[in-house]
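What follows is a set of notes on a single structure, which appears directly below.
Counting starts at 1 for both ligands and their atoms, in listed order. Please read these numbers as outputs of a predicted model, since none were measured by experiment.
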Amino acid sequence: MSEVAHKKASILVLISGNGSNLQALIDSSKSGKIPGNITHVVSSSSKAYGLERAANSNIPTTVHELKTYYKGIPKENKEERAIARSKFNQDLVELITTKIKPDLIVCAGWMLILSADFLKPLSEAHIPIINLHPALPGYFEGTHAIERSWEAGQRGEVTKGGCMIHYVIEEVDMGEPLVVKEIDVIKGETVEKWEERIHALEHNAIVEGTIEVIKCLNEKQK
Ligand code: GAR
């Protein structure tokens with residue numbers, strides 16, 4: 001046999017909200033387009049609709065909320081909050097590396113910053129992690145990127161927008177891009193329409209990025 005047979009990759013998806021990108025991954029995994037199975041979903045919010053999407057496809061879920069860790073610590077107490085945040089990261093990475101043990105992690109609308117105390121143990125465990133950023137490389141890092149790119153477009157400061165899938169590094173939304181998709185700014189377009197067009201791009205980009213990482217993993221196994 002010349003072809004190397006690969007087992008299907010196990011994918012952990014991190015979400016915080018609606019989960020339309022999770023749905024794109026679920027659908028592409030079910031259709032066989034992605035050579036992998038979504039084996040677990042972790043949500044940073046118990047209210048995320050994505051949890052229902054996962055449950056509808058019988059995918060196990062875990063809710064891992066920062067507010068549980070911040071409970072009783074006043075906002076002004078920066079030191080205690082930093083310790084709590086670090087514990088949140090450590091518990092999450094421990095859950096991933098000792099219990100879920102995925103082949104790769106996809107952040108699909110995960111809204112929390114992942115710092116070194118989370119990323120280093122993952123890298124040591126050789127678990128790649130990618131993220132979806134709703135803007136082009138080098139643009140609008142951080143939250144509300146869709147609204148900010150729309151405003152910049154309408155002001156004439158940019159002529160294009162889009163989304164990218166990139167490897168996660170400590171610098172927020174700045175890792176090496178794996179997939180980049182662009183759309184042109186349309187003068188006078190509503191932010192709702194702009195958002196709709198970005199989401200349509202994202203649903204393809206996240207699937208393509210995930211397939212790319214699985215290909216890389218399979219290459220390494222050869
Ligand atoms: C997507 O637009 C994604 O790009 C964005 O959140 C949305 C999640 O939608 N992610 C970020 O802004 C990450 N900083 P979804 O829950 O429907 O997949």
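Using a 4.0 Å heavy-atom cutoff, Gly19 is listed among the residues neighbouring ligand 1. Taking 4.0 Å as the cut-off, His144 does not count as a neighbour of ligand 1 on heavy-atom distance. The closest approach between any non-hydrogen atom of Ile15 and ligand 1 is not below 4.0 Å.
For atom 9 (O) of ligand 1, the closest non-hydrogen atom on the protein side is Asn21 ND2, 3.8 Å. Of the protein's heavy atoms, Met111 SD, 3.6 Å lies nearest to atom 11 (C) of ligand 1.
When the options Ala205, Gly50, Cys107, Ser20 are ranked by their closest heavy atom to atom 17 (O) of ligand 1, first place goes to Ser20.
Residue-level proximity to ligand 1 for Ile146 is carried by the side chain, the only part with a heavy atom below 4.0 angstrom.
Annotation: side-chain contact (heavy atoms from CB on, under 4.5 Å) contacts of Thr62 (sequence neighbours excluded): His40, Val42, Leu95. Taking the side-chain contact (heavy atoms from CB on, under 4.5 Å) definition, one finds that Glu182 meets it with Leu136, Lys160, sequence neighbours left out.
Pairing each heavy atom of Glu202 with each of Pro134, the nearest pair is OE2-CB, 3.3 Å. The nearest pair of heavy atoms linking Ser57 to Ile26 is OG-CG2, 3.5 Å.
Near Asn18, meaning under 4.0 Å from any of its heavy atoms, are these atoms of ligand 1: 16 (O), 17 (O). Here is the list of ligand 1 atoms found below 4.0 Å of a heavy atom in Glu202: 1 (C), 2 (O), 3 (C), 4 (O). Against a heavy-atom cut-off of under 4.0 Å, Gly109 is close to the following atoms of ligand 1: 6 (O), 8 (C), 10 (N).
Within the 4.5 Å cutoff, no side-chain heavy atoms of Ser149 are placed close to those of Val158. Annotation: side chain of Ile183 is in contact with side chain of Trp194 (closest heavy-atom distance under 4.5 Å).
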Exercise. Please lay out, stage by stage, how Leu12 and Thr39 fare under the test side chain to side chain contact (heavy atoms under 4.5 Å, CB included).
Key: CA-CA 6 Å; Leu12 163 64; Thr39 49; 5.5 Å; no
Quiz item: Can you list the steps and then say if Asn56 with Glu52 is a side chain to side chain donor-acceptor pair (under 3.5 Å)?
Solution: CA-CA 6 Å; Asn56 288 341; Glu52 261 182 62; 5.2 Å; no
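No N or O atom of Trp110 sits closer than 3.5 Å to an N or O atom of ligand 1.
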